[in-house]
Amino acid sequence: MDIHALNYLVHFSNILLVVAYSVRDILWLRWFAVAAALTNIPYFLLQDTVLWPPVLWALVFTAINLYQIVRIYLERRPIVLSQDEQKLYDLGFRSLRPREFVSLSLVGEWKSAEAGERVVTEGEPVSCVCIPITGRADVRKQGASIGALRPGHIIGTALALTGDPSQVEVTFTEPARYMRWSLPSLRSFMDKRPDVRVTLQGLVNRDLAGKLEQLVVVKQHNGGRGSA
């Protein structure tokens, strides 16, 4: 093949690289980089003496980019939530992107509770954070009811933040379905995802504000105190 004609392959390859470095989408950048590398390979193969080193490196770069392209496509697949996940997402996690929410849910575990099952014990440290999607929970202090938690309320938030023994007891008053996160797993997840941590902190703040408002109403009626 005419060496001058082969030079056009080099020119075309570099034009592809210029386009690759001009696009904003990382997926298109990698596709153009693959095309540029593959366009260069015939130039190296059709020389009087085959230039194997650049051919091998072009193949290496192509393989790396193809691997990353597959990862990007996998990450961009539409997220399909289960019925329980969708309900939990709708109850309070819409500020998270669906993929972030799925990552968070994978750290926890789904649990089912019967009426009378206790999730927070008075006098003991809290080891987990729970959010019910069905069922109500009763909050008691020294045997006296001081409030109720509905689906979507976070159970154990304030106590988990302080690390002190719980001053209240939380018991489901009806069959419930809830998501449970152990504190070590949740902390580890947030340490690795500082972007999600900020969003979760906002959710916690709103939950605590709602509980405080409810507590004020309860105190006006019976003078009780406490928080879950």
Closest approach of Gly123 to Pro165 (non-hydrogen atoms, all atoms of both residues): O-CB, 3.6 Å
Could you tell me whether Arg94 and Asp90 have a side-chain N and a carboxylate O separated by less than 4.0 Å? yes
Between Arg99 and Glu75, does at least one N-O distance fall below 4.0 Å, as a salt bridge requires? no
Linked, directly or transitively: Val60 and Leu66 (ILVMFWY side chains, under 4.5 Å): no
Shared hydrophobic cluster for Leu56 and Leu51 (ILVMFWY, side-chain gaps under 4.5 Å): no
Is there a donor-acceptor pair closer than 3.5 Å between any side-chain N or O of Glu122 and the backbone N or O of Gln142? yes
Cluster check Val23, Ile26: I/L/V/M/F/W/Y, side chain < 4.5 angstrom: yes
Would a 4.5 Å heavy-atom cut-off, applied to side chains only, mark Arg193 and Glu100 as touching? yes
If we ignore hydrogens and angles and just use 3.5 Å, is the side chain of Arg77 paired with the main-chain N or O of Leu74 as donor and acceptor? yes
Any side-chain heavy atom of Val18 within less than 4.5 Å of one from Phe32? no
Under a 4.5 Å cut-off applied to non-hydrogen side-chain atoms, are Leu200 and Phe93 in contact? yes
Are Phe61 and Tyr43 connected in a single hydrophobic cluster, I mean Ile/Leu/Val/Met/Phe/Trp/Tyr linked by side-chain heavy atoms less than 4.5 Å apart? no
